[in-house]
Structures are given as structure tokens and as C-alpha cells.
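Notes for the one structure printed next.
As a basis for the values below, the full set of heavy atoms in this structure was taken, side chains included, without hydrogen atoms, waters or symmetry mates.
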Amino acid sequence: MATESSEGEEDTKLTGGTPQLVVDSDLREMAKNAAWSVSSCKPGNGVSSLRDDNYETYWQSDGAQPHLVNIQFQKKVKLQLVALYVDFNLDESYTPSKVSVRAGDGFHNLKEIKTVELVKPNGWMNIPLSGNDPRETFVNTFMLQIAVLSNHLNGRDTHVRQIKVFGPQP
């Protein structure tokens, strides 16, 4: 996976993807016990498809953009990485091209912490949540929101096949 960023530009471009999820051994999946919701979905393609560890299933939105995935935690957690499994070869115009990651205490105070552009992604796309300051290695939050702002080929609805959220080991 290549990462490009130019000085003064907030968007990060991510290309490629990996068929297998690869994360540092000092990270653990944090969202197993979280409450998940989506802004909309087609029948049979809901939030459970994002968490079933099956690359053949997917969440499909059904409505106007942005398409939202909300992940709410019972207590404040430290998060370091969001991993999305998307497949341009299978999903074409349904594939996200611009994604925003937001964090906060709840819906009322979400702040954008990262915006990425996905260029024909195929596989796991890792989005680090660290800031520009090297000391900012994680986000401490009650809620994470992943917003699909646009799709490839000006597609309307979106497909996301899997989402995993990682934080540091205790």
C-alpha cells in the first residue's frame, strides 16, 4: 500500500490494498463490544455484513451521501487504526473514493480527524488515526464515525465489505 501526501494538503491518497489484514502485533481489535449503526442500508446488506469476517458480503448504503458508519463505545477508548476492506474490481462505482474519519463524545461533537482518498482500492486499506504531531499516536474517544463522502465513477450508493478498528494493547 502506497501513501502519498503533499505539504499543506489534508487529504491522504491510499492506493492498492492488501488481501490479508496486516497490523502491528501491539494492536488489538477494539470494536467487538461497540454499538454499530449505519445511516442506511439495503435489506440483507446491513451493519452485520461489516463484521462477519466474510469478504463476499458487504454493507450497501441506500440513500443520499454521505454514507455513515457509527461506532459507539461504552467507555472512552484509545484508537490507532481503522482498516476497511473494499474491492474496486468487484464493486466498481459502489467503491468509496473519499472517506472521512470523525471522533467525539457522541453525535453532537464529532470532529474530522482524517480524510483519505482511496484510488481503485482492492483489499484492506489501513487508515492511521495519528495526527501530524509524532506524539499523537492515537485518538481517545467514545465514538468513531466513518463517512463515505464520494464513490468511484460518481456512484451513489456504496459497498464496504469489512471494517476493523484497532487500538493499543492494554
**Request:** Assign the ring pair Tyr85 / Tyr55 to parallel, tilted or perpendicular, where the plane angle (0 to 90°) is split at 30° and 60°.
**Result:** parallel
**Asked** With a 4.5 Å limit on heavy-atom distance, are the side chains of Arg28 and Pro168 in contact?
**Response** no
**Prompt:** Can Ser40 and Asp62 be counted as having a side-chain donor-acceptor contact under 3.5 angstrom?
**Reply:** no
**Prompt:** For Asn89, does the CG atom have more than 12 heavy-atom neighbours from other residues, nucleotides or ligands under 6.0 Å away?
**Reply:** yes
**Request:** Output the distance between atom NZ (Lys78) and atom CD (Gln169), rounded to the nearest 0.5 Å.
**Result:** 13.0 Å
**Message:** Membership question, hydrophobic clusters at under 4.5 Å side-chain separation (ILVMFWY): are Val86 and Val38 in the same one?
**Reply:** yes
**Asked** If we only count heavy atoms from C-beta on, is the Phe138 to Leu129 side-chain gap below 4.5 Å?
**Response** no
**Fill in**
CH2 of Trp59 to OG of Ser49, rounded to nearest 0.5 Å, is 11.0 Å
**Asked** What distance do Phe142 atom CZ and Lys76 atom NZ have between them, rounded to the nearest 0.5 Å?
**Response** 5.5 Å
**Complete:** Here the gap from Leu81 atom CG to Ile127 atom CD1, rounded to the nearest 0.5 Å, amounts to 8.5 Å
**Asked** Ignoring hydrogens and geometry, is there a side-chain-to-backbone donor-acceptor pair from Ser97 to Ser150 under 3.5 Å?
**Response** yes
**Asked** Tell me, do Trp124 and Leu21 make a side-chain contact under 4.5 Å, heavy atoms counted?
**Response** yes
**Prompt:** Can you name the closest pair of heavy atoms from Asp157 and Gly63 and give their distance?
**Reply:** OD1-N, 3.2 Å
**Prompt:** Going through the distances and angles, do Ser93 and Asn151 end up as a side chain to side chain contact (heavy atoms under 4.5 Å, CB included)?
**Reply:** CA-CA 6 Å; Ser93 68; Asn151 293 324; 5.9 Å; no
**Asked** Is there a path from Ile146 to Val47 through hydrophobic residues (I, L, V, M, F, W, Y) whose side chains come within less than 4.5 Å of each other?
**Response** yes
**Message:** Tell me whether Val165 shares a hydrophobic cluster with Leu14, the cluster being built from Ile, Leu, Val, Met, Phe, Trp, Tyr side chains joined at under 4.5 Å.
**Reply:** yes
**Prompt:** Is atom CG of Asn154 surrounded by more than 12 heavy atoms (other residues, nucleotides or ligands) closer than 6.0 Å?
**Reply:** no
**Request:** Measure across Ala103 and Val139 and return the closest heavy-atom pair with its distance rounded to 0.1 Å.
**Result:** CB-CG1, 3.7 Å
**Request:** Using only heavy-atom distances, determine whether the side chains of Glu92 and Thr95 contain a donor-acceptor pair under 3.5 Å.
**Result:** no
**Prompt:** Any donor and acceptor pair, going by atom type alone, linking the side chain of Asn45 with main-chain N or O of Cys41 inside 3.5 Å?
**Reply:** no
**Prompt:** Angle class for the His159/Tyr94 ring planes (parallel below 30°, perpendicular above 60°, tilted otherwise)?
**Reply:** parallel
**Asked** Side-chain donor-acceptor pair under 3.5 Å between Asn70 and Gln145, yes or no?
**Response** yes
**Item:** Gln72 and Leu144, any side-chain heavy atoms less than 4.5 Å apart
**Value:** no
**Asked** Using a distance-only test with no angle check, is there a side-chain donor-acceptor pair under 3.5 angstrom linking Gln162 and Asn54?
**Response** no
**Message:** For a quick check under 3.5 Å, do Thr137 and Ser130 share a side-chain donor-acceptor pair by atom type?
**Reply:** no
**Message:** Under a 4.0 Å threshold between the charged nitrogen and the carboxylate oxygen, would Arg51 count as salt-bridged to Glu29?
**Reply:** yes
**Message:** Is there a side-chain contact between Val160 and Pro96 in this structure, where contact means two heavy atoms from C-beta onward sitting under 4.5 Å apart?
**Reply:** yes
**Asked** Between Asp53 and Lys164, is the closest basic N to carboxylate O distance under 4.0 Å?
**Response** yes
**Request:** Check the hydrophobic clustering (I, L, V, M, F, W, Y; side-chain heavy atoms under 4.5 Å; chains of links allowed) and say if Leu68 and Leu79 are grouped together.
**Result:** no
**Asked** Hey, is the main chain of Val116 close enough, under 3.5 Å, to the side chain of Thr12 for a donor-acceptor pair?
**Response** no
**Asked** Once you round to the nearest 0.5 Å, how far does OG1 of Thr141 lie from NZ of Lys111?
**Response** 10.5 Å
**Request:** Evaluate the side-chain proximity of Leu118 to Met125: yes if any heavy-atom separation is below 4.5 Å, no if none is.
**Result:** yes
**Message:** I'd like to check Gln74 versus Asn33 (side-chain heavy atoms, cut-off strictly below 4.5 Å). Are they in contact?
**Reply:** no
**Asked** Are any non-hydrogen side-chain atoms of Phe88 and His152 less than 4.5 angstrom apart?
**Response** yes
**Message:** Please tell me whether Val99 and Trp36 are part of a single hydrophobic cluster in this structure, the criterion being side-chain heavy atoms less than 4.5 Å apart.
**Reply:** yes
**Request:** To the nearest 0.5 angstrom, please state how far the CD atom of Glu117 sits from the NZ atom of Lys98.
**Result:** 7.0 Å
